[in-house]
Amino acid sequence: MKFIDEYRDGISARKLADAIRRITTRPHALMEVCGGQTHSIARFGIDTIIPPEITLIHGPGCPVCVTPIRLIDAAVDIAARRDVIFCSFGDMLRVPGSRKDLLTVKAEGGDVRIVYAPLDAVTLARKNSGKQVVFFAVGFETTAPANAIAVHYASERQVRNFSVLVSHVLVPPALEAILSAPDNRVQGILAAGHVCAVMGCEEYIPIARKYRVPIVVTGFEPVDILQGVYSCVKQLEEGRADVENQYKRSVQEHGNRAAQELIRRVFTVVPREWRGIGEIPRSGLGLTEAYRDFDAERRFAVTASADGDPGECIAGLILRGVRKPNECPAFTTRCTPERPLGAPMVSSEGACAAYYRFRRLDGEARPQLADSTPCPQLN
Amino acid sequence: MHRLIDEVFLSRFGDPKTQEQHDAAVVTIGSARLAFTTDSYVVRPLFFPGGDIGSLAVHGTVNDLAMSGARPLVLSAGFVLEEGFPIDDLRRIVDSMASAARRAAVRIITGDTKVVDRGKGDGVYINTAGIGIIDHQLNIVPTSVRAGDAIIVNGDIGRHGMAIMARREGLEFETAIESDSAAVSDLVQDLLAAGVAVHCLRDLTRGGLASALNEISAAAGWGMELDESSIPIRPDVYSACEILGFDPLYVACEGRFVAFVPQNKADATVRVLKSHTLGSEARIIGRVSDDQHPLVVLKTRIGSRRIVDMLSGEQLPRIC
């Protein structure tokens, strides 16, 4: 498959891993921002072919994981209404709220549907004028343009029975929260390529300068991630803290201006609560006044309290990269994908789920590198 | 699903004489060893590229019998029809079943029909049960798997699941992905006739290749090593999986199986399978390791290794 196979090529990957080893003289801790990158790292075993001096810390870029419990609860309440068709991206359905998840609502008779594009939900609303159709608008800057189009389109066409339950979050404020925390150990950042395809690279320049961390806009395939690691390590070794763009095949310096304009028209920056992390100022998107009629929270008068005690779940520490999933005492014992304590174990992009699926036996019977094709780093 | 089966069904129905959990139960009556199995089909949509619920109901049960090395003989067919289900659709489904049965050389000899109120069913549900005869001395079950066995698939994986997914969700790809639904009993009989001492067979239905291997690994008590680059996946299936964020290792097939055979019979097995149209893409994809830790490990394209785990629940399309 074009644009995939060449970025999963074993020879290129090993050459890059070798190049990283050659330039590494001391330990470095890098954070990959996006859950998609985390899964790629675990799925392809990328962290096992880079030098042991480099620690990859898994960042907060899993929209499913950071959606606060109170909004999951609101979604559950709205979805359970008989007059509602509740639409969501697939991987939100299994995320536990304080009482249940959306799949349970579906099993109990709620009309909960997976859609692949927000506009599909608007189409559904037009076809079901007797029902309220609600779309769960979650995600980072990546999904914001498509969600903005859906709201804008519904407004233009006066699709009055459509609304969105918004839980949009923004990457830069989350990075600042992580980098300014007293227990931060992140020295370099692999920014999320798809977020930057929308927003561009410029908003990361002040962050790189302020916190003296290199930021490399990085893609999602093994060769992308290894190139990102290489650039980041090179900067750290040379004492630089610049913003670089590894993912040039998708990301332009200024991003996608039409998409940004659409986001600005439909959404406004608001404070947002992050599951496991807490409220971060100016870290989310909410509907602007002009589109407030499409706000499901307002339409259904949802009253949900702030997130309660997360119990044993250390999702906050995982999402800030302070702990790794296998450092959690509940990992694989009291917390599994079948019975998750927190969202990172549920989502297909969650760090805990990635470790569970690909890495469960770390330190116990962890698979070693293939002996037939040795990687220089571990020999 | 596994927990449900263990906790609710096996704990109550479990028969010490047929404890081996496999696609079909083997019973000895007189001097005859018979394989017996049943399966219910609730697929949506009823018609999909490459097949329909009728052909699927024949292939699925025939394949379950074949996986114990049995030669399928007879099937039953039970229908649960929703009131108002179009008779033309039913005719089409039954024609398709009859044709699939002919091709698989099985007879449908008994059946049942029930009608439920409108709104209480999904058009039509079909149950088929099947009996086959085991006319060889091999014990084709997971516990026969041995360290060093070659793991072989009879063709590309994931096509059925993605064909259903694309049709069900109205996803439009440039090319229509056709289901791989087919009866594979002939291939199995050919292998046995060629004198391959098959250790275990498993069709790659729900949960796909990854789930089948994990189940066998756990039951056999051996680890397994797969080579990612040798697992055949067609580009259209691979692309569709990439778009939806699915892992093709977990996508269901309906005409694909894995065979565990002694290493020295691996090439012969591939040769026999390749002589059949349903096995033309047959490939050795890995081996049973000598590690008694029941773990399926994949050597990735970039040379690292990772676990291939059981999936919990269905794969859900990703946000981004």
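Chain naming here is simple, since letters A, B, ... match the order of the sequence lines and numbering starts at 1 in each. Computed from heavy atoms alone, side chains included, the values below leave out hydrogens, waters and symmetry copies.
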Please determine whether side chain to side chain contact (heavy atoms under 4.5 Å, CB included) holds for the pair B:Tyr238 and A:Asp5, giving the CA-CA distance in whole Å, both sets of side-chain angles, and the decisive distance to 0.1 Å. CA-CA 11 Å; B:Tyr238 187 53; A:Asp5 289 335; 3.5 Å; yes
One pair to check against salt bridge (Lys or Arg N to Asp or Glu O under 4.0 Å): A:Glu221 and B:Arg301. What are the steps and the verdict? CA-CA 12 Å; A:Glu221 298 301 331; B:Arg301 290 162 198 231; over 6 Å; no
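Atom CD1 of residue B:Ile307 and atom OH of residue A:Tyr356 lie 9.5 Å apart, to the nearest 0.5 angstrom. A distance of 11.0 Å separates OG in B:Ser304 from CZ in A:Arg43, rounded to the nearest 0.5 Å. Note that the CG atom of B:Leu298 and the CZ atom of A:Phe44 stand 9.5 Å from one another [nearest 0.5 Å]. With rounding to the nearest 0.5 angstrom, the CG atom of A:Leu16 is 10.0 Å from the CD1 atom of B:Ile302.
No side-chain heavy atom of A:Thr48 sits under 4.5 Å from any side-chain heavy atom of B:Arg306.
For A:Ala146, no part lies near chain B; criterion is any non-hydrogen pair under 4.5 Å. Contacts between A:Ile11 and chain B at a heavy-atom distance below 4.5 Å are absent for every atom of the residue. Looking at A:Arg113, neither its backbone nor its side chain comes within 4.5 Å of chain B, counting heavy atoms on both sides.
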